[in-house]
Amino acid sequence: MSWPVWLEYLQRYVDHNGIQARFSFNCKVVNATRSPKGGWDLSIHRKNWSNGAWQHPKNLSVKEETFTRHFDVLIVGSGLHNSPNLPAFPGADSFPGQILHSSRFQDAKDFAQKRVLVVGAGESASDIAWLTSKHAAQVAISMRSPPGTLFPHTVKGCTADIRDNRLIYSLPRAIWPFMLRTHKSFYYRISEDPHERHRAEQFKYAADMNYDNESCVFTINACKSFGIPKAVTINKATTHRGIQHISGSTVHFTDGSSFENCEAIIAATGYQVKMPFINDAEVSEAFKDPRSLWKNMVAPDVPDFFLLGFCRPHQINLITCCEMQARAAAQVISGRKALPSKDKMLNDIEKWKAHMGATFSRGYRALVDFIPFIDGLAEFIGCAPDLTYYLLADPVMWTHMIFAPIQPSQYRLTGPGANAEQARRVILKSPYYKDLQNRLFRDFVVTVIALWAALMGLFGNEKWALVGRMRQPFQLAAGVLLAAGVYAVAA
């Protein structure tokens, strides 16, 4: 989705809810200080901050002023990508060319006929490597660590995430070696499909890189870009490990290789989480590590300060995570819900750290496991769908909820802000089987695994149990099948 389309959607949302007047644009928070009486005092500088930025309209008329306002609760939604992280590469002072962070990258044609080094292995690095390789004389890619699970944007003409569904992402995380092998096998099969034969080398490259680095949906976040495979297989980009040092126009890597006559370095090296407007050192320290917060959102000792969007789901999408965090925060701030006790929040945080550390230890500290993260927020809000009830009462909708792509509308069937009729219509519109033969076989296999995992959960084996809200209906089904089997044997 392009940003103008996204912006149009946000504007329609604002207009529908009549909340335009609640926004104050071109306002920069200079500092936020905890008030002795409770709440926060904010010093705000209003100015035409956006004028001249390439994605904003020009010549806006804004009266410059500085003012102070008091708020009972402070919410920071600036996200994880708010302060570019540009490493101090050893020897960078001797480099005669251009070094820039990916946040400043706009047009690959600026690097036409140049020898360019792209540093990083995330989606920005992958996209930039591909775009630049189409114009540059040569592109090299430096990856200190392997990329996340490489996914293309589309598979056989459909968006790749059309294959995502709740049941797959509810399977025990301990089966990741099986997922790793099946993912590789799937990519190799796809490479032979008539619709994808033109991308065969890219699928094989991604399959081997994912497998060799143990990257799959249950071990690390996705890299939803085939930029690196395309840059390497089509335009002969070279790959290297992390930068050891720079000597003039030669970049040396930790694997012993080097890239000579380099003219530009584009560092897609991520961002730092910074909130320079916070004057309270205790608050700043508490919010450095999102995983040490309850639901990646609030510190047990600072209940009037919320972070929203400081999370990166391993799969699916960030927007649903932000929406659910916002709904949870709204329930607390409005007084409809109370935060758990400090001891309960600390206990939840430690359990979450243990869960993420079990298989997602390679991911950075803001990484979240989508299904248990979202379902956990939904249970707190009171909008978690009762999947056992819907299995029995509305099996058609249940089938779409479980096997079709995951829809946030599942969390609008009940609870605060529910619109069950509209939510059901949206769920039933979700694309179901675009590749019927493959999907039927895969869903059958996944269902068998889920029933086995449900039995493991019934017998108390948490390592091999289902996660999230899928546990209840499948344990019911597994229990019925087990009872029927025992009865048949006894008879």
Side-chain angles (χ1 to χ4, degrees), residues 1-86 100-107 110 124 271-284 286-288 297-298 302-311 318-319 322-323 325-335:
M1 181 185 295
S2 64
W3 71 263
V5 175
W6 174 240
L7 184 61
E8 180 187 358
Y9 163 75
L10 292 178
Q11 187 61 58
R12 285 191 286 112
Y13 182 92
V14 167
D15 294 343
H16 175 77
N17 290 285
I19 54 176
Q20 181 79 42
R22 295 175 181 264
F23 290 87
S24 298
F25 296 105
N26 283 297
C27 289
K28 179 179 181 179
V29 176
V30 179
N31 63 64
T33 305
R34 300 187 81 175
S35 171
K37 299 179 181 179
W40 296 81
D41 294 321
L42 272 59
S43 178
I44 301 166
H45 185 188
R46 190 197 307 273
K47 179 182 175 182
N48 192 355
W49 298 102
S50 64
N51 191 36
W54 67 273
Q55 71 272 45
H56 288 285
K58 295 181 179 180
N59 302 318
L60 296 176
S61 178
V62 178
K63 178 184 177 182
E64 185 171 0
E65 59 180 331
T66 300
F67 56 95
T68 301
R69 288 188 64 182
H70 176 84
F71 295 93
D72 297 325
V73 178
L74 182 58
I75 298 174
V76 176
S78 53
L80 296 167
H81 301 157
N82 59 45
S83 181
N85 176 47
L86 184 61
L100 73 156
H101 189 266
S102 57
S103 59
R104 293 172 52 205
F105 176 89
Q106 291 189 17
D107 193 342
D110 294 340
S124 293
Y271 295 78
Q272 298 175 347
V273 178
K274 287 186 176 180
M275 293 179 282
F277 51 86
I278 298 295
N279 291 329
D280 192 312
E282 179 184 349
V283 173
S284 295
F287 286 86
K288 278 186 177 180
M297 184 171 64
V298 61
V302 193
D304 59 354
F305 186 98
F306 292 79
L307 296 185
L308 299 186
F310 285 70
C311 50
L318 172 62
I319 301 302
C322 296
E323 178 191 1
Q325 283 187 319
R327 292 176 67 183
Q331 289 296 305
V332 173
I333 295 167
S334 65

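Residue numbers start at 1 and run along the sequence shown.
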*Side chain proximity check, F305 to V76, heavy atoms < 4.5 angstrom*: yes
*Where does the angle between the aromatic ring planes of F23 and F25 fall among parallel (under 30°), tilted (30 to 60°) and perpendicular (over 60°)?*
parallel
*When you measure from the side chain of Q20 to the backbone N and O of V14, does any donor-acceptor pair fall under 3.5 Å?*
no
*asked:* For the CG atom of N85 and the NZ atom of K274, what is their distance to the nearest 0.5 Å?
replied: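 Going from the CG atom of N85 to the NZ atom of K274 covers 8.5 Å.
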*Over all heavy atoms of both residues, which pair between L80 and V273 is shortest? Give the atoms and the distance, please.*
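What the structure gives for the nearest pair is CD2-CG2, 3.7 Å.
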*Which pair of heavy atoms, one from L318 and one from C311, lies closest together, and at what distance?*
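Heavy atoms only, the tightest pair is CD1-O, 3.0 Å.
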*Is the side chain of W40 donor-acceptor paired with the backbone N or O of D304 at a distance under 3.5 Å, no angle test?*
yes
*How about I278 and F287: do any of their side-chain heavy atoms sit closer than 4.5 Å?*
no
*Could you grab the distance from atom CG of L86 to atom CD of Q272, nearest 0.5 Å is fine?*
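L86 CG to Q272 CD: 9.5 Å, rounded to 0.5 Å.
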_Gap separating the CZ atom of R46 from the CD atom of E65, nearest 0.5 angstrom_ =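 One gets 4.5 Å once the value is rounded to the nearest 0.5 Å.
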*Min side-chain heavy-atom separation H70-D41 under 4.5 Å*: yes
_When you compare the side chain of I75 with that of I333, does any pair of heavy atoms fall below 4.5 Å?_
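Yes, at least one pair of side-chain atoms sits under 4.5 Å.
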*Check T66 against S43 and note the closest heavy-atom contact, atom names and distance.*
CG2-OG, 4.1 Å
*Kindly give the heavy-atom pair with the smallest separation between C322 and G309, and that separation in Å.*
SG-CA, 3.6 Å
*Do you know the tightest heavy-atom contact between M297 and Q325?*
SD-O, 3.5 Å
*Between CZ of R69 and OG of S24, what distance do you get to the nearest 0.5 Å?*
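That separation rounds to 6.0 Å.
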*Measure across L42 and A32 and return the closest heavy-atom pair with its distance rounded to 0.1 Å.*
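Between these two residues, the closest heavy atoms are CD1-CB, 3.9 Å.
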*For atom CZ of F67, is the number of surrounding heavy atoms from other residues, nucleotides or ligands below 6.0 Å larger than 12?*
yes
*asked:* I'd like to check K47 versus V62 (side-chain heavy atoms, cut-off strictly below 4.5 Å). Are they in contact?
replied: no
*Any Y271 side-chain heavy atom under 4.5 Å of S83 side chain*: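 The answer is no; the side chains never approach within 4.5 Å.
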*So how far is it from Y9 OH to I319 CD1, rounded to the nearest 0.5 Å?*
9.0 Å
*State the CZ-CG distance between R12 and L7, to the nearest 0.5 angstrom.*
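Answer rounded to 0.5 Å: 11.0 Å.
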